[in-house]
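Structure first, commentary second.
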Amino acid sequence: MIVATDLTKAYGAVLANDHINLQVNPGEITVLLGPNGAGKSSLIKCVCGLLRFTGMVSIDGFDCRSLEAKRRLAYVPELPAPYPMLTVDEHMEFIARAYRLENWRERADDLLWRFELTDLKKKLGKELSKGMQQKVSICTALLPDPTTLVLDEPLVGLDPHAIRELKSILLELRAAGRTILLSTHIIESVEESWDVTFIMINGKIVYEVRRGAGKLEDIYFAITEGSNANSPAAPTVAS
């Protein structure tokens with residue numbers, strides 16, 4: 001579970017996240033939607049303990065910056081950053097050693113197979129295309145079998161097969177009771193699987209939408225382009 005209380009992140013005089021409160025529950029796929037500059041990536045980085053902020057964020061009850069939280073959380077950034085001189089296989093081994101995983105090889109091989117990386121095990125990070133780098137980033141995040149998975153625009157650069165596999169894996173993780181928070185601007189990619197959506201505008205969460213309220217794309221554009229798009233305190237839309 002992710003719980004953020006009064007989370008505020010400022011870059012000088014600019015408030016990227018303005019007193020945000022949210023809860024991401026286990027067994028749900030929670031989506032962050034919003035226009036460019038809404039503060040989604042800043043919020044995700046704060047949740048992962050990568051930025052300084054005021055307020056509180058906990059992962060399964062532990063402060064997001066603690067070692068206990070880091071053990072439970074996996075993060076897929078918007079821009080993959082593999083080690084240029086490690087092979088695909090060495091990236092998996094690095095994560096396995098860092099997390100002190102046992103009997104990890106079979107799971108690693110299965111992930112590489114699902115994302116069509118088996119034949120690229122010996123390729124260096126610097127030799128991979130952006131899409132391949134994104135696949136490696138996803139595989140290394142999933143290898144420790146985290147309780148909490150945070151993904152920032154994970155579908156960008158992926159081919160159709162990888163998109164299908166990632167969506168399938170997210171459904172498997174949801175069924176297993178894991179906590180999933182993902183940011184995307186590709187609304188149709190989550191239309192069939194989302195449970196809760198937080199819509200952000202100008203650094204604030206202005207709507208919380210729950211499955212059953214209607215078509216997500218219609219709701220999103222009604223909120224972001226409607227007369228109440230800049231309302232500081234918009235109501236929750238629920239089923």
Tell me, do [X] and [Y] make a side-chain contact under 4.5 Å, heavy atoms counted?
X: Asp6; Y: Thr54; value: no
X: Trp194; Y: Val209; value: yes
X: Leu182; Y: Leu155; value: no
X: Leu151; Y: Leu170; value: yes

When rounded to the nearest 0.5 angstrom, what distance separates [atom1] in [X] from [atom2] in [Y]?
X: Glu153; Y: Ile44; atom1: CD; atom2: CD1; answer: 8.0 Å
X: Phe198; Y: Leu22; atom1: CZ; atom2: CG; answer: 5.0 Å
X: Lys40; Y: Met200; atom1: NZ; atom2: CE; answer: 7.5 Å
X: Asp109; Y: Leu117; atom1: CG; atom2: CG; answer: 11.5 Å
X: Ile59; Y: Arg71; atom1: CD1; atom2: CZ; answer: 15.0 Å
X: Leu33; Y: Ile186; atom1: CG; atom2: CD1; answer: 11.0 Å

Quick check against the 3.5 Å criterion: does [X] have a side-chain atom that pairs as donor or acceptor with the backbone of [Y]?
X: Asn17; Y: Gly203; value: no
X: Ser137; Y: Gln133; value: no
X: Lys9; Y: Arg52; value: yes
X: Glu191; Y: Lys215; value: no
X: Arg107; Y: Leu143; value: yes
X: His161; Y: Arg114; value: yes
X: Lys122; Y: Val88; value: no
X: Lys123; Y: Leu128; value: no

Practice item. Return the minimal non-hydrogen interatomic distance between Asp152 and Ser41, and the atom names on each side. Key: OD2-OG, 2.8 Å

Review point. Of all heavy-atom pairs between Phe115 and Cys139, which one has the smallest distance, and what is that distance?
Key: CD1-SG, 3.6 Å

Check your understanding: Going by an N to O cut-off under 4.0 Å, is there a salt bridge joining Asp159 and Lys135?
Key -> yes

Point to revise | Test: Arg72 and Glu68 ion pair at under 4.0 Å | key: no

Review point. Could you walk me through whether Tyr11 and Ser42 pass the side-chain hydrogen bond (donor to acceptor under 3.5 Å, both in side chains) check?
Key: CA-CA 10 Å; Tyr11 298 97; Ser42 292; 3.0 Å; yes

Single-linkage hydrophobic cluster, 4.5 Å side-chain cutoff, [X] and [Y] together:
X: Leu158; Y: Trp113; answer: no
X: Leu149; Y: Trp104; answer: yes
X: Ile180; Y: Met1; answer: no
X: Leu15; Y: Phe53; answer: no
X: Phe94; Y: Leu120; answer: yes

Check your understanding: Given the rule in the side-chain contact (heavy atoms from CB on, under 4.5 Å) test, do Ile138 and Ile169 qualify, once you have shown the distances and angles that lead to the verdict?
Key -> CA-CA 11 Å; Ile138 293 168; Ile169 287 173; 5.8 Å; no

Exercise for review: Inspect the surroundings of NZ in Lys126 and state if more than 12 heavy atoms from other residues, nucleotides or ligands are less than 6.0 Å away.
Suggested key: no

Practice item. Answer yes or no: are there more than 12 heavy-atom neighbours, outside Glu192 itself, under 6.0 Å from its atom CD? Key: no

Please output the side-chain donor-acceptor pairs of residues 73-87 that fall under 3.5 Å, not counting sequence neighbours, one pair per line with the distance.
| from | atom 1 | to | atom 2 | distance (Å) |
| --- | --- | --- | --- | --- |
| Thr87 | OG1 | Glu90 | N | 3.0 |
| Thr87 | OG1 | Glu90 | OE1 | 3.4 |
| Thr87 | OG1 | Lys121 | O | 3.4 |

Which pairs of donor and acceptor atoms, one on a side chain in residues 24-32, lie under 3.5 Å apart (sequence neighbours left out)?
| from | atom 1 | to | atom 2 | distance (Å) |
| --- | --- | --- | --- | --- |
| Asn25 | OD1 | Gln23 | NE2 | 2.6 |

